[in-house]
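Report on one structure; see the data block that follows.
In what follows, chains carry the letters A, B, and so on, assigned in the order in which the sequence lines appear, proteins first and then strands, with residues in each chain numbered from 1. Atom set for the values below is all heavy atoms of this structure, side chains included, hydrogens, waters and symmetry mates excluded.
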Amino acid sequence: MAEARPTHGVEWAIAGAVVSFLGLVVVLPLISLVATVGRAPWEAVAGLSTGEAVNALGLSAAVAAIALAVNGVFGVVGGLALVRHRFPGRRLLDWLVDLPLAVSPVMTGLGFLLLFGRTGFLGPVLERLDVQVAFAVPGAIVATLFVTLPFTVREVALVAEEVGTVEEEVAATLGATAAQSFWRVTLPKIRHGVVLGVTLTVARALGEFGAVLVLGGAITNRTMTATTYIHAAIEGRQTSAGFGMALVLAATSVLLMSAVQRRTSR
Amino acid sequence: MSIRLDRVSRSFGAGPVVDDVSLAVQAGELVCLLGPSGGGKSTILRIIAGLERADAGEVWLEGQRVDHLHARDRDVGFVFQHYALFRHLDVAGNIGFGLSVRRRPPDFIRARVAELLELMGLGGLERRFPASLSGGQRQRVALARALAPAPKLLLLDEPFSAVDAQVRQELRQWLRRLHDDVPITSILVTHDQDEAFAIADRVFICRNGRIEQAGTPVEILDEPASEFVAQFIGDVNLLDGVVRDGTVWVGPLGMAWPARDGACRVVIRSYDLKFWCMNPGIASVARILPMGDRVRVEAILDGGQALFAQFPRRSSLLLGLEKGTRIGVEVTHARCWPIQARVST
Amino acid sequence: MRGSRPGSIRQNSALPVHAGAPASVRLFGCWVALLVGGPILAVLLRSAMEGMGAFRAIGSASASDAIFLSLWTSALAAAIHAAMGTAIAWWLVRWALPGRAWISRVVDLPLAVPTLVAGVVLVGLYGPQTLVGSSLAGLGLHIAFARPGIVLALLFVTLPFVVRAVEPVLRELDPAEEEAASSLGAGRWRTWRTVVLPAILPAIAAGSVQTFGRSLAEFGSIAAVSGNLPGKTLTASVYVLGEVEAGHPGDAAAVSALLLLLALALNPLGGVLVRFLGGRRG
């Protein structure tokens, strides 16, 4: 690989453009968030100590935890299934798993609303069972499960493809049952993929906005998550609380991601 | 444990990888499946272990049909080509794995692991992880792991191909001693004829999913059943000959050979030949190549066919030989195959 | 053929790669079918129930304006990233300048930042009440609550795609080819255009298509930054939200279905484009 410093004037111009581009699009806005909150930190803290802010953070954390557990399990099962099994419909399943990355979160919310809403396809059934999904906590959970489905599946599939199945064959010849082979050989082999996958899942769950807004309805103290709280706070001109929450969310996600990136790059 | 395969076949998409193979191994034998890559020998081994299922045929272990038995229930130790150690377990964890999944008591496992570490010369390495071991150490750990549950059958798939030549020699000798010390039946897959002939009681030559020949190393060396076997097992001269009245002629070189008259292929191993200075003789020396402790002499028979012989460096047969010398040729051992038979295989 | 190669995925083996679908696969299949198939079928079904009304909903002035706005802002973001992303990747691979690790980190940041937060921080910097925003407004340049804000938000959330697509290809590129070209007397720009560009063009295209698709679906950052003025800064996703909140789920479903079909068509189209660009090189 040829490495060099820019020599030509045009190259320096390009380097300058890159720096200004990244500065204007990403770095300065993020710095301004930190600066805005930092200028009046107590205002932000006060804003975040209100009951609705705490409830919103709590719901976000709970939803993220559920997404971690459910999609963590399905991610391991699914990632291994896609790599290690050959079955009819595998390509379709592979495609479906990626679909949540391609569709708009608003459409996701709408789709579930059309299923679970009062006038939705399953509305009458849910009403008879006395279960409310739309504009309730289950709605926020379902929407988050949808948008976070691909992450663990993908990461596990990637690692599983790479590590192969020879060790499992060894385990079989040594007398291990399928369960022993899974817990003692397969899972330790793919654990990096699992950790990375569920971290991405949590980060995405904390940050999900559109689908949770549409399906959950962002009802204060009931279905309001951290992101919908930010939205409501800024619309309601409580900028410092909104920015404070934005900083909390951004810092959490960035820390989570950099932690796993450092771990997995080793 | 005795093994019997009865007309076993296996195909992967394109064509048969194992084609109607039958073989029998006596309890306590060490046999080698020897053949070029792609001959189906690894697949045969995997079918015996239960890692691969046969499309047709029967697998019998110790008089019991095991076709439908899961690999874990076959009581077979398997050593893989690239060690396949558990990276997340240390050496002791690797060796003890087969005992721990069978829920043996911890004390028993500890004692057995210690015993195997001793046997394999791995003492002091029990807390090391596979990544920090040398190739030879890794292969010994893999072997110890396979032996830990005391299987009656040990299957080894090209076990020494990933270690360098010197370590390979040692491991080979050491495997033979181990086999003799432990009551076990062993099958080793290899594409290296030196390895097979150095340690096996019997050798099965595999080619294109079939067993081409089975026998002791001496039987196979002296009486190769086909031109392919003769060629595969060592440095051979492959010559065109003609049989006339019980003698096969390669140009001016004649050997007694009881066969019907006609064209044939003649196989002469390089150390079944003698050259000596003789004028007029029937050949002339083309090249003399020192090769370590042996010397390779290439000659052209009158009539144009080339052949080569190998002699020890100090052999008296080399006296006076140099490029262009006229020589006499004597064949101490040869095999011939009529051309028609060659075409039909 | 040998039975196995370490690390390879074999088919039809007895263990542990299975033929057929064991319980775990069926369980996962059902989960995905319900979780992903459910809402998507619901949208398609609901818009089909509208019949011709679906086309009327899409064709209405506000809906078609919103769809058109989404399309061109996404295309613009993809085009800008095609250039800037390539330049950033070039920096990361070829320039021994200080700060390379920082640039790499900045490129990954947008994936970690929730998209709504991305919109919020852009408003925080470029909003009309801020120093930067008001001075730019004095020059007649409105960013937040205007169309440039939408493009800026899209650029933020899609930053890594082109960079991370081009970077590995650039790394694999054999410098000998470039050296050969320049030793034959080709100028720098000519060398770049005839040797480097054709090699990385498929990756640029793949990254750009991904950027475009992700931009079409983007909602959170735009909702915060655009101000949602119908006909001016209302993108398709935000329009759908408006229709849902206004109690017109049928219209919302119709526009969503169109966006969904666009997104689904994008993948194969992108594949064809990448193959075409790659094929021209070979």
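Contact annotation for C/L35: both backbone and side-chain heavy atoms come within less than 4.5 Å of a heavy atom of chain A. Looking at A/I234, the atoms closer than 4.5 Å to chain C (heavy atoms on both sides) all sit in the side chain, from C-beta outward. Using a 4.5 Å cut-off between heavy atoms, A/L149 touches chain C through its side chain atoms alone. Proximity to chain C is absent for every atom of A/A203, based on heavy atoms less than 4.5 angstrom apart. Only the side chain of C/I80 has a heavy atom closer than 4.5 Å to any heavy atom of chain A. For chain A, no part of C/A118 is nearby; none of its heavy atoms comes within less than 4.5 Å. With a threshold of 4.5 angstrom between heavy atoms, A/L28 approaches chain C through its backbone and through its side chain. Looking at C/A252, the atoms closer than 4.5 Å to chain A (heavy atoms on both sides) sit in the backbone and in the side chain alike. Interface remark: C/L264 contributes side-chain atoms only to the contact with chain A (heavy atom separation under 4.5 Å). Proximity to chain C is limited to the side chain of A/V27, based on heavy atoms less than 4.5 angstrom apart. Residue contact with chain A, scored on non-hydrogen atoms closer than 4.5 Å, is absent for C/N267. Within the 4.5 angstrom heavy-atom criterion, no atom of A/V73 approaches chain C. Proximity to chain C (any heavy atom under 4.5 Å) is restricted, for A/V70, to the side chain, taken from C-beta onward. Looking at C/V240, the atoms closer than 4.5 Å to chain A (heavy atoms on both sides) sit in the backbone and in the side chain alike. Heavy-atom distances place no part of A/I31 under 4.5 Å from chain C, backbone and side chain included. If you measure heavy-atom distances from A/S32 to chain C, the contacts under 4.5 Å come from the side chain alone. With a 4.5 Å cut-off on non-hydrogen atoms, A/N71 touches chain C through its side chain but not through its backbone. For a residue to count as touching a neighbouring chain, one of its non-hydrogen atoms must lie under 4.5 Å from one of that chain's; by this rule A/F146 touches chain C with backbone and side chain alike. With a 4.5 Å cut-off on non-hydrogen atoms, A/L113 touches chain C through its side chain but not through its backbone. When heavy atoms are compared at a cutoff of 4.5 Å, C/L27 approaches chain A by way of both its backbone and its side chain. Contact of A/F116 with chain C is not made at all, since no heavy-atom distance falls under 4.5 Å.
Summarising the geometry of C/V43 relative to A/G111, their closest heavy-atom pair is CG2-CA, 3.5 Å, with the distance given to 0.1 Å. Across C/W95 and A/A15, no two heavy atoms sit closer than the pair CZ3-CB, 3.7 Å. In this structure, C/G220 and A/F209 approach most closely via the heavy-atom pair CA-CD2, 3.6 Å. The two residues A/S104 and C/S237 have their closest heavy-atom pair at OG-OG, 3.3 Å.
Rounding to the nearest 0.5 angstrom, the gap separating the CG atom in A/L30 from the CG atom in C/L122 is 8.5 Å. Taken from CG in C/L111 to CG in A/L200, the straight-line distance is 8.5 Å, to the nearest 0.5 Å. In this structure, NE2 in A/H231 is found 7.5 Å from CG in C/L116, a value given to the nearest 0.5 Å. Here CZ of A/F121 is found 6.5 Å from CZ of C/R46. Values are rounded to the nearest 0.5 Å. Between A/M257 atom CE and C/L109 atom CG the span is 9.0 Å, to the nearest 0.5 Å. Once rounded to the nearest 0.5 Å, the distance linking CZ of C/F219 with CD of A/E208 reads 9.5 Å.
If you tally non-hydrogen atom pairs under 4.5 Å between each of C/V106, C/L152, C/V113 and chain A, the highest count goes to C/V106. The candidate with the highest count of non-hydrogen atom pairs below 4.5 Å against chain A, out of C/S24, C/P39, C/P114, is C/P39. Among the candidates C/G38, C/P249, C/G213, the residue making the largest number of heavy-atom pairs closer than 4.5 Å to chain A is C/G38. For chain A, the option among C/V255, C/D108, C/L45 with the highest count of heavy-atom pairs below 4.5 Å is C/L45. Here A/V25 is the residue among A/L33, A/L96, A/V25, A/T119 with the most heavy-atom pairs under 4.5 Å with chain C. The choice from C/V32, C/V121, C/I103 that makes the most heavy-atom pairs within less than 4.5 Å of chain A is C/V121. Ranked by heavy-atom pairs shorter than 4.5 Å toward chain C, the options A/L247, A/L255, A/L99, A/T186 are led by A/L99. When each of A/L145, A/L114, A/T227, A/V153 is checked for heavy-atom pairs under 4.5 Å with chain C, A/L114 comes out on top. Put simply, of A/G78, A/A81, A/G210, the one with the most heavy-atom pairs under 4.5 Å next to chain C is A/G78.
When side chains are defined from C-beta on, C/S256 does not count as touching A/V106, because their heavy atoms never get closer than 4.5 Å. Residues A/M245 and C/V117 form no side-chain contact, since every pair of their non-hydrogen atoms from C-beta on lies 4.5 Å or further apart.
Taking the ring centroids of C/H81 and A/F21, they lie under the 6.0 Å cut-off.
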Check step by step if side chain to side chain contact (heavy atoms under 4.5 Å, CB included) holds for A/V97 and C/V36. CA-CA 8 Å; A/V97 165; C/V36 180; over 6 Å; no
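The one candidate from A/V18, A/I14, A/L22 that meets the side chain to side chain contact (heavy atoms under 4.5 Å, CB included) condition with C/W91 is A/V18.
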